[in-house]
Amino acid sequence: MTVLEEMRIRSLGVIDDAVVELSPGFTAVTGETGAGKTMVVTSLALLLGGRADAGLVRIGAKAAVVEGRLRLPPGDPVSARAEEAGAELDDGALLISRTVSAEGRSRAHLGGRSVPVGLLGELADDLVAVHGQTDQQGLLRPARQRGALDRYAGGAVSVPHEKYLGAYRRLRDVAAELDELTTRARERAQEADLLRFGLGEIAAVEPVAGEDTELSAEAERLGNAEALASAASVAHAALAGVPEDPEAVDATTLVGAAGRALDAVRAHDPVLGALAERMGELSILLTDVAGELAGYADNLDADPLRLAAVEERRAALTSLTRKYGADITAVLAWAETSAARLTELEGDDDRIGELAAERDVLRDELSGLAQALTDARAEAAERFAAAVTEELASLAMPHARVSFAISQVPAEDGIEVDGRTVAYGAHGADEVELLLAPHPGAQPRPIARGASGGELSRVMLAVEVVFAGSDPVPTYLFDEVDAGVGGKAAVEVGRRLAKLARSAQVVVVTHLPQVAAFADRQLLVEKTNDGSVTRSGVTVLEGEDRVRELSRMLAGQSDSSSARAHAEELLAAARDDA
């Protein structure tokens, strides 16, 4: 079984440096009012990803530190998740650490590895259920009561709820799209007109991909035709000579003469033979270049009409690139995207009809699924209420009756459940509220208004115990949920917590000796004279020390003979009940 074995607390609230050693079964934490018992709860909350608050850091300290050692069985999913995060287990124990600085910064470590604080919160869901005064107030809210009922019901509710949630989300998306189509019709019509205009402009020009680049090159050539022709003629003359001047020396003639000179002696030296080969290649290359220069000059078109046509075409293309893209390729891409968007916009009327029909089908489907959820909750509510009522009988409330009120809120635009049109949401159409009739003849009322303080504590404890049985976790922490309870009812509270501890670890911060007497281990939190809790301020009570503390809790003084006798009687009764 997973067990939280120990916590070390430093510089947290009134605690200077203390170690809390916990029992695998039932551990009771006791002490004078204001001694720092609640810091045990706060420490555990921090250790498991709770919100960091700089106000928790002890005055004068740089940071508060909470460290815990968790014993995990082989194959536990928590250990697997921790190892995925890089944590290392120490002989089956997982070390957890949380630091909160005086400036409010928070750091977390798991198995020696720094991890996000959120990971501790994820693990907490599988490790510890904290039930304190704040949680009790939370359970008074109907939304929390519905959540508790759904978790108690298990698959009977979760399976139809999963189907319901899928249909609900689809209906929400359909309704949102339908609303957009109908409320933004004018904007969409304007968008369609702009797209048609742009597509018309592009279609009128009929651009071709890459055309703008080609025309730019042609315009550059046509605009400089005379200079290009002159340069080609001069280069040709230098290579091949000028027919009008047979005496002029050209490059082809000179290279030919050099080649003939080398050919005459190439047989006498391989080096000159190789050079002669290269001179021959050079002569051929010069002849080819000279020929191409002559052809270039002859074919160069200096037609001003063609230049004007090119510039006119480029102007038409430029008007498109100014509006629709950096170049013609981008303009064509815009046209393709816009054509698809225009098709979508022009199909709005058809789409509105399709969505309206799908919405009606989904609403009918959602009505059936919501009805299934209501029926499943009603069945689970009877079992849950019966189990809580049975627990209350063991907590000195034998005539109390607990029930659930499951109702719906009428709404014109809702869905049909039980023959009525009602409001609905992600959790269905049900409003769930826990009711209490404290005695025969009393009308059931919401537990927040139908129970006294002591009764409310017992009702909430009964709910928590029943709920714990349906959603078990290894460790339960109760922070003075026994407030307002005394006498026989207090004994029954202790007995119920001891029963829960047979299958889980239970830690209870309590001021009731009747509860503490049932604990397998009792821890005493004491302040020193300077108002702090030191390492020696959290001690395990055994034998005479435990009798003395129970006597103090009973009578306010530890040396009262009658209180001691009562304390010993409580311990004996608890041992006999075990």
Original post:
Would a distance-only check, ignoring hydrogens and angles, find a side-chain to backbone donor-acceptor pair under 3.5 Å from Asp53 to Leu56?
Top reply: no
**OP:** Apply side-chain hydrogen bond (donor to acceptor under 3.5 Å, both in side chains) to Arg313 and list each qualifying residue two or more places apart in sequence or on a separate chain.
**Re:** Glu211
Original post:
Just wondering, more than 12 heavy atoms not from Glu88 lying within 6.0 Å of its CD?
Top reply: no
Subject >> Glu336 CD: over 12 foreign heavy atoms closer than 6.0 Å >> reply: no
Original post:
Should we say atom CD of Glu84 is surrounded by more than 12 heavy atoms from elsewhere, each under 6.0 Å from it?
Top reply: yes
**OP:** Identify the heavy atoms of Ala209 and Thr329 that sit nearest to each other, and give their distance.
**Re:** CB-OG1, 4.4 Å
Original post:
Does Arg188 pair with Glu191 as a salt bridge, N-O distance under 4.0 Å?
Top reply: no
Original post:
Could Arg146 and Glu431 be called an ion pair, given the rule that one side-chain N must be under 4.0 Å from one carboxylate O?
Top reply: no
Subject >> Atom CD of Glu187: over 12 foreign heavy atoms under 6.0 Å >> reply: yes
Original post:
Should Lys323 and Glu201 count as an ion pair when the cut-off is N to O under 4.0 Å?
Top reply: yes
Subject >> Results of side-chain hydrogen bond (donor to acceptor under 3.5 Å, both in side chains) for Arg169 - residues two or more places apart only >> reply: none
Original post:
Taking all atoms of both residues into account, what is the closest heavy-atom pair of Arg71 and Asp90, and its distance?
Top reply: NH1-O, 4.4 Å
Indicate every side-chain donor-acceptor pair of residues 413-423 with a distance under 3.5 Å to a residue at least two apart or in another chain.
from	atom 1	to	atom 2	distance (Å)
Asp418	OD1	Gln371	NE2	2.9
Arg420	NH2	Gln408	OE1	2.8

Original post:
Would you say the side chain of Leu332 lies within less than 4.5 Å of the side chain of Pro207, judging by non-hydrogen atoms?
Top reply: yes
Original post:
Just by modelled atom types, is the Leu4 backbone N or O under 3.5 Å from a matching donor or acceptor in the Gln505 side chain?
Top reply: yes
**OP:** To the nearest 0.5 angstrom, please state how far the CG atom of Asp150 sits from the CG atom of Leu373.
**Re:** 7.5 Å
Original post:
Where do Arg170 and Glu358 land on the salt bridge (charged side-chain N to carboxylate O under 4.0 Å, His left out) test, with the steps shown first?
Top reply: CA-CA 10 Å; Arg170 177 57 188 160; Glu358 185 178 1; 2.8 Å; yes
Original post:
Would you call Asp193-Arg196 a salt bridge at under 4.0 Å N-O?
Top reply: yes
Original post:
Would you say Glu180 has more than 12 foreign heavy atoms packed within less than 6.0 Å of its CD?
Top reply: yes
**OP:** Please confirm whether the backbone N or O of Gly50 pairs with a side-chain atom of Arg98, one donor and one acceptor, at under 3.5 Å?
**Re:** yes
Original post:
Counting N and O atoms only, with roles assigned by atom type, does the side chain of Thr321 sit under 3.5 Å from a partner on the main chain of Gly325, one being a donor and the other an acceptor?
Top reply: no
**OP:** State, with a plain yes or no, whether a side-chain heavy atom of Leu199 is found less than 4.5 Å away from one of Trp334.
**Re:** yes
Original post:
Got Glu391 and Val402 here, is their nearest side-chain heavy-atom distance under 4.5 Å?
Top reply: no
Original post:
What residues, two or more places apart in sequence or in another chain, satisfy side-chain contact (heavy atoms from CB on, under 4.5 Å) together with Arg69?
Top reply: Glu5, Glu6, Ala93, Leu95
Original post:
Are the charged groups of Arg113 and Glu83 less than 4.0 angstrom apart, N to O?
Top reply: no
Original post:
Tell me, do Arg359 and Val361 make a side-chain contact under 4.5 Å, heavy atoms counted?
Top reply: no
Subject >> Backbone of Leu239 reached by a side-chain donor or acceptor of Thr252 within 3.5 Å >> reply: yes
Between side-chain atoms of residues 154-162 and protein atoms elsewhere (two or more places apart, or another chain), which donor-acceptor pairs fall under 3.5 Å?
from	atom 1	to	atom 2	distance (Å)
Ser158	OG	Gly154	O	3.2
His161	NE2	Ala426	O	3.1

Subject >> Where Ala64 and Leu12 come nearest, the two heavy atoms and their spacing >> reply: CB-CD1, 4.0 Å
Subject >> Greater than 12 external heavy atoms within 6.0 Å of Gln443's CD >> reply: no
Subject >> Inter-residue atom distance Leu110.CG - Leu47.CG, 0.5 Å rounding >> reply: 9.5 Å
Original post:
Under 3.5 Å, side chain of Ser216 to main-chain N/O of Asp212, donor-acceptor pair present?
Top reply: no
Original post:
Tell me, do Leu435 and Ile447 make a side-chain contact under 4.5 Å, heavy atoms counted?
Top reply: no
**OP:** Under the side-chain contact (heavy atoms from CB on, under 4.5 Å) rule, collect the residues that match up with Leu194, sequence neighbours excluded.
**Re:** none
Original post:
Given Thr374 and Asp430, is the side chain to side chain donor-acceptor pair (under 3.5 Å) satisfied, shown in steps?
Top reply: CA-CA 7 Å; Thr374 299; Asp430 301 322; 2.7 Å; yes
**OP:** Answer yes or no: does atom CZ of Arg278 have more than 12 heavy-atom neighbours from other residues, nucleotides or ligands under 6.0 Å?
**Re:** no
Subject >> Salt bridge Arg314-Glu311, side-chain N to carboxylate O under 4.0 Å >> reply: yes
